[in-house]
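Values in this document were obtained by computation on a predicted structure and should not be read as measured data.
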Amino acid sequence: MQGMALPPQPWPTGQCEQLEPLVRRVLAPNASPFTYTGTQTYLIGTDEALAVLDPGPDLPEHLEAIEACIGDAKVVAIACTHTHRDHSPAARPLAEKTGAPIIGCAALALE
């Protein structure tokens, strides 16, 4: 990773992108040599049952973007593929806001 350049132009962080009929993505504003353009958070499902995959870093602007992308949908699960600082810290505040359980890896605890 050493010497890897960041992208030359800003990527669309904080936007709800519809990738497929049941898949949306929100890019976190945490570009780095480890995340490249930023952590990609996926929202999978319908308004009746939506899962959030890898909620990303606990940044207020990223959480607001995820919540805006969720809209009125019912979040039934928050899934973390792993506990790196760029993938899971937003799981806990998102779970508190939506009431959805965290599944997969637990949210990263830095206390």
For this session: Take L50 and V76, measure what side chain to side chain contact (heavy atoms under 4.5 Å, CB included) needs, and give me the verdict at the end.
Result: CA-CA 6 Å; L50 179 73; V76 297; 5.9 Å; no
For this session: Could you check T13 against T37 for side chain to side chain contact (heavy atoms under 4.5 Å, CB included), going step by step and ending with a plain yes or no?
Result: CA-CA 9 Å; T13 62; T37 60; over 6 Å; no
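In this structure, Q40 CD and L53 CG are separated by 10.5 Å, a value rounded to the nearest 0.5 Å. Taken to the nearest 0.5 Å, the CD atom of Q18 stands 7.5 Å off from the SG atom of C69. Here S32 contributes atom OG and R85 contributes atom CZ; the two are 12.5 Å apart, rounded to the nearest 0.5 Å. Expressed to the nearest 0.5 Å, how far CD of E20 lies from OH of Y42 amounts to 11.0 Å. In this structure, CD1 in I78 is found 9.5 Å from CD1 in I103, a value given to the nearest 0.5 Å. Atom NE2 of H62 and atom CG of L27 lie 8.0 Å apart (nearest 0.5 Å).
Of all non-hydrogen atoms in V26 and G14, the two that sit nearest each other are CG1-CA, 4.2 Å. Residues G38 and N30 approach most closely at CA-OD1, 3.2 Å, considering heavy atoms. When all heavy atoms of E48 and K74 are compared, the pair lying nearest together is O-CB, 3.7 Å. In plain terms, the two heavy atoms of A73 and T46 that are nearest each other are CB-O, 4.2 Å. Shown here for A77 and A100, the closest heavy-atom pair between the two residues is N-CB, 3.9 Å. R24 and G45 make their closest contact through NH2-O, 4.4 Å (heavy atoms, listed as atom of the first residue, atom of the second, distance).
If you run side chain to side chain contact (heavy atoms under 4.5 Å, CB included) between P55 and each of T39, L63, L94, L43, only L94 comes through.
The side-chain heavy atoms of P29 and E61, taken from C-beta on, include a pair separated by under 4.5 Å.
For the residue pair T41/D54, the side-chain donor-acceptor check at 3.5 Å is not satisfied.
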